[in-house]
Structure formats: C-alpha cells, structure tokens
Amino acid sequence: LSGYDKSLCVLRKTGPAVMDGQIKCMSATLSCVAFERKSENSRILIIANKNETEISYVLPTGWFGAREIHGFETDGKTVKIPANTAAILR
C-alpha cells in the first residue's frame, strides 16, 4: 500500500464517524462529490474531485472553520483540491 492508502486505513480505525457514521450527501456536481459522515459525537466531510483540474470547493454551511485531517489545507471557507484527489475535513 502507498503512504496515502496506509493513512486512510489508520483514519478508518480511529474515527467513529468513519467506522459507523450515517452518510449524508452534501453535493454532487461536475465530477465532484461531497458527503458527510456523522456519528453521535464526531463528523467528517469527504470531498472527492474527479475532475482533470484543481477545484476550489466552498464548504457547506455548518462546515466553515473545519480543519483538514487528510488531504489539503483549508482557509476555513474553501479548500483547494487537486485533480483526481480527495480531502477529508473535521
């Protein structure tokens, strides 16, 4: 496994929202999908960019100020996601 894949495996084992959280689609448009996984006391936002170019994704209401836990840095309101990658925020 690559370093990226290994870090995702670790994330899965340490986050209740990842392991058994409910899934809610936040948006799906133009080869970009974002969904929230939420458990009783934790939540994450996963944004996948399947475009061939970088995108600047505006965070949904309720996610302003979120911090990056896997992927790319956010300014608290948007996150830039390179082509064919994903970001995970908490």
Side-chain angles (χ1 to χ4, degrees):
L1 293 174
S2 71
Y4 182 83
D5 294 329
K6 288 178 184 176
S7 66
L8 288 177
C9 291
V10 169
L11 175 65
R12 183 180 181 277
K13 293 177 183 176
T14 61
V18 176
M19 292 177 62
D20 61 5
Q22 296 180 352
I23 298 174
K24 176 182 177 185
C25 183
M26 303 300 283
S27 65
T29 184
L30 302 173
S31 298
C32 176
V33 63
F35 61 95
E36 175 184 71
R37 287 212 66 172
K38 187 176 185 179
S39 67
E40 189 173 309
N41 54 3
S42 73
R43 68 184 187 150
I44 60 169
L45 179 66
I46 298 117
I47 309 156
N49 175 17
K50 292 301 291 174
N51 289 287
E52 295 298 321
T53 59
E54 179 181 83
I55 63 168
S56 183
Y57 184 85
V58 177
L59 298 175
T61 303
W63 280 95
F64 290 162
R67 60 188 174 89
E68 170 268 333
I69 58 172
H70 191 80
F72 308 94
E73 292 185 23
T74 175
D75 65 8
K77 293 189 178 185
T78 61
V79 60
K80 288 187 179 186
I81 307 170
N84 297 304
T85 60
I88 303 173
L89 307 176
R90 175 181 349 211

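Index from 1, following the sequence.
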Gap separating the [atom1] atom of [X] from the [atom2] atom of [Y], nearest 0.5 angstrom:
| X | Y | atom1 | atom2 | answer |
| --- | --- | --- | --- | --- |
| Q22 | R37 | CD | CZ | 9.5 Å |
| T61 | M26 | OG1 | CE | 8.0 Å |
| I47 | I55 | CD1 | CD1 | 7.5 Å |
| T78 | F64 | OG1 | CZ | 9.5 Å |
| S42 | R90 | OG | CZ | 7.5 Å |

**Asked** Does the side chain of P60 reach to within under 4.5 Å of the side chain of L45, using non-hydrogen atoms?
**Response** yes
**Derivation of the side chain to side chain contact (heavy atoms under 4.5 Å, CB included) call for R43 and E36** = CA-CA 7 Å; R43 68 184 187 150; E36 175 184 71; 3.6 Å; yes
**Cluster link I23 to I46, ILVMFWY, side chain under 4.5 Å** =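 Yes; tracing contacts between hydrophobic side chains, which count when under 4.5 Å, links both residues.
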**Cluster overlap V33 with V58, hydrophobic side-chain contacts below 4.5 Å** = no
**Fill in**
Residues at least two apart in sequence or cross-chain that pass side-chain contact (heavy atoms from CB on, under 4.5 Å) with A83, listed by chain then number, are none
**Prompt:** Distance-only, no hydrogens or angles: does the N51 side chain make a donor-acceptor pair with backbone N or O of T53 under 3.5 Å?
**Reply:** no
Testing the basics here: between [X] and [Y], what is the closest heavy-atom pair and its distance to 0.1 Å?
| X | Y | value |
| --- | --- | --- |
| A87 | V79 | CB-CG2, 4.4 Å |
| F35 | C25 | CB-CA, 4.0 Å |
| A86 | A48 | CB-CA, 3.9 Å |
| I44 | W63 | C-CH2, 3.4 Å |

**Prompt:** So K50 and N84, side chain to side chain contact (heavy atoms under 4.5 Å, CB included) or not? Walk me through it.
**Reply:** CA-CA 4 Å; K50 292 301 291 174; N84 297 304; 3.9 Å; yes
**Request:** Please lay out, stage by stage, how L89 and L59 fare under the test side chain to side chain contact (heavy atoms under 4.5 Å, CB included).
**Result:** CA-CA 10 Å; L89 307 176; L59 298 175; 3.4 Å; yes
